[in-house]
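Note that this is a predicted model, so its numbers are computed, not measured. Hydrogens, waters and symmetry mates play no part in the numbers below; they use all other heavy atoms, side chains included. Every number for a ligand or one of its atoms is a count from 1 in the order of the listing.
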Amino acid sequence: MTPDQQREATVEAALGKLDLTAKVALLAGADMWSLPANEDIGLGRLVMSDGPAGVRGENWTPDDPSVSVPSPTALAAAWSPELAHRTGQLLAQEARRKGAHVVLAPTVNLHRSPRGGRHFEAYSEDPLLTGELGAAFVSGVQSGGVATTPKHFVANDSETDRFTVDVRVDDRTLRELYLAPFEAIVRKATPWGLMSAYNKVGGTFMTEHQELNNDVLRGEWGFDGMLVSDWTGARDTVRDALAGLDVAMPGPATVYGEHLVRAVREGLVPEETVDELARRVLRLAARVGLLEGAPAAVPSSELPAPIDGEALAREVAAAGMVLLANDGVLPLPDSVGSVAVIGQAAQEARIGGGGSAQVFPTHVVSPLEGLRSALPQGTAVAYAVGADPNVHLRPLAARTEARFLGRDGAELGTASLPDGAARWIGRLPHGLSFADLASVELGATLEPGRAGTHRLGIRGVGRFVLEADGAVVFDDAVLPEGEDPAAAFLNPPERVFELEVAEGAAPVSLRLRHVLPESGGFAGFGLVSFTLGHGEPVGTADEMLEEAVSTAAAADVAVVVVGTTEEVESEGVDRASLALPGRQDELVARIAAANPRTVVVVNAGAPVLMPWREQVAAVLLAWFPGQEAGAALADVLTGVREPGGRLPTTWPAAEADAPVWDVEPVDGRLDYAEGLFVGYRAWQRRDGVAPAYWFGHGLGYTAWTYEGLDVRLLPAQADGGGDDPYAAVAEAVVRLRNTGARAGREVVQLYLSPEGSDGPTGSDASRPRTALAGFAAVTAEPGEAAEARIPVPLRAFQTWTDGAWTDRPGSYRIQVGHSVADLPLTVTAEVPLRG
Ligand code: BGC
């Protein structure tokens, strides 16, 4: 017997020992993150944990830290399946360290509108790039013996009304764009799990979608893993079970459990269906080594060698940084005498986006720290904040003692927190129960560094009592804003109070008591989430700007770090605008006027507008770069590493230009009326309107000349061999040369244009003018030639027509180059295919 057969046999034997109630028990969360153990069959407790930018584990608190890797847009910008694979291996290592068996990642929804609130968490506007990177990430995690759940299946491409929105999308668009990455990942990388989306597609909730779950995902693509709901996404016992939703999370209160047992007894759900669901849970458990007697998919002797998380986080961050423009100011020479570092984000970079992807690293290297330690000794580094775009106060930066209090006010336990942010989801420290908990009290000491007006803040929902040195500052209830139940912890309301502190004043003792709302928790699981915020006295906004301008004017080079904030880019909300928040645009424009050697670093996970982009010496996109932010940034700015990134998504110059903008459902429906024309596919049809930066764009520190392109058809497949849509039917051989002065890496991109698709008036206007069909990276020393070999899969020559994948033989323009808008070499080929 092969290990696979042995595993399947063990699963069947285990299943055979379970009665209906025991089988059903496997299908729902025991708590926020786990499925229950069953000792009778030797099944361990199965723990899931969020990705994709690190593995948080079962606690949502900084006292259980994780390696924080760059967010997916940064990883995608590296255009490197190899790095995605290694990042996956690191996350598997992190998962094992934290006792998790499933990493809830990767996010492979598409960048449909730049307003999507979770844009930072997905890879690209292009389905091929998304699928390639997603497959590499999945195989990386799973090679470490840990399962993945590509998510959110499918069409969860924006956040507005995400629990209810009904996405209307035609079949062809669904297949060619939104399902495509999932299909590629399932077929190429065999994920052991998959996460269903909250939304509806074509009128049916995705957890209840028999056609997409049972027929397409399992039937056509052969997915044999566990389909888990998004958290609280399972709503109907019978419809979910019949649509093949294996697991309802979180627990313990779900639509499965006793409800499912009853539905089977009443004949509404066949018991064989429950067997199928349970079988898939057991299979996943067996694969990760949690079912006694079943060989794990990866024997412990075959686990990858340990990975240095800090080093990899730094490598990925630099590899993903995209140099959008550079007049030669970068890399900074050793001789630079003085550097002005400006911006709130320079001191406190945003390392990741908000929401479930959040992890807490042991440390963060800020851009300011990174530059200070990387610049040659003797370089003067001055800092000014310039503009603070944060709307909310930061958590008080002081150790805070939390007391858990029962209904009678008695202390149930305590915990020590690194700052003023208190958050426990689904579980409390010391095994305390949410049922016994009535309030939580934070106590901290404010060391008043500066005299003046300090600000104290409360963020959260429920009743709060805030005292400073025994005097009551606030005692009232704070009600939720809006209707998204998750907003209570993703984006809660804030109250701010001023505290005057005199010169030389003694430390102030602060106490914030939070009485939990009666309804308690979120969707059935316990939740405590609130923040004691603090803001130092600051000058007026004008004073801050002036100070930054004079600091920049006095330096040889100004590095301005601008970015988005938690309010702008987070799960649960879409963006209202692409403009940088606060007065950051004004800050950049004024600094550029004061110093011609101004380098702007953009710390955002998704497109922002850069009205000043032609007035500055360089623009470097750092994305959300993870915990090693400043170290990687310094590597790139000083030229220790080249900025390796290429845009995985087109960046507009103005909001009005974005081909797809609206994310608000109308009467509950969100119509993907643009069809296939998303991202560069759409931009190419717009006469006279160009984006700020095209898909694929990014400068390194060297230059490349494309010298030759040959395309070879691979007759076996082209003539009709095999059914694998990812088998190569053609191979392009691209010769290029590094004509610059330093070693570098080039991402060679290959685009396919069917003849007749030149525009809306072409003979086949239904097909986009160009589509990415492959890519490969090369490296070369100065003057050296390199050769890239790029396979082009059958799928690139197919369309979804009349309910089936259909070969489209004919004449194709095959173009290669540096970005979708810079394609120096073209070959036209007759591609026969099967006809
Ligand atoms: C998110 C998922 C996440 C889950 C668990 C949901 O709100 O949409 O991506 O895995 O929560 O945190």
Discussion item. Under the salt bridge (Lys or Arg N to Asp or Glu O under 4.0 Å) definition, can you give me all pairs with a residue in residues 132-155, not counting sequence neighbours?
Written reply: D50-K151, E132-K188

Worksheet item: In order of chain and number, which residues sit within 4.0 Å of ligand 1 by heavy atom?
Response: W33, D50, L104, R118, K151, H152, R162, M195, Y198, D230, W231, S356, E571

Discussion item. So, using ring pair (Phe, Tyr, Trp, His ring centres under 6.0 Å) as the criterion, who are the partners of W192 when residues are at least two apart?
Written reply: none

Worksheet item: Do we see a donor-acceptor contact under 3.5 Å between the side chains of S124 and D126?
Response: no

Discussion item. So that I know where these two stand, are W79 and Y123 an aromatic pair - ring centroids less than 6.0 Å apart?
Written reply: no

Discussion item. More than 12 heavy atoms of other residues, nucleotides or ligands under 6.0 Å from CZ of R97: yes or no?
Written reply: yes

Discussion item. Test of understanding: with salt bridge (charged side-chain N to carboxylate O under 4.0 Å, His left out), list the residues that count as partners of R427, not counting sequence neighbours.
Written reply: E58

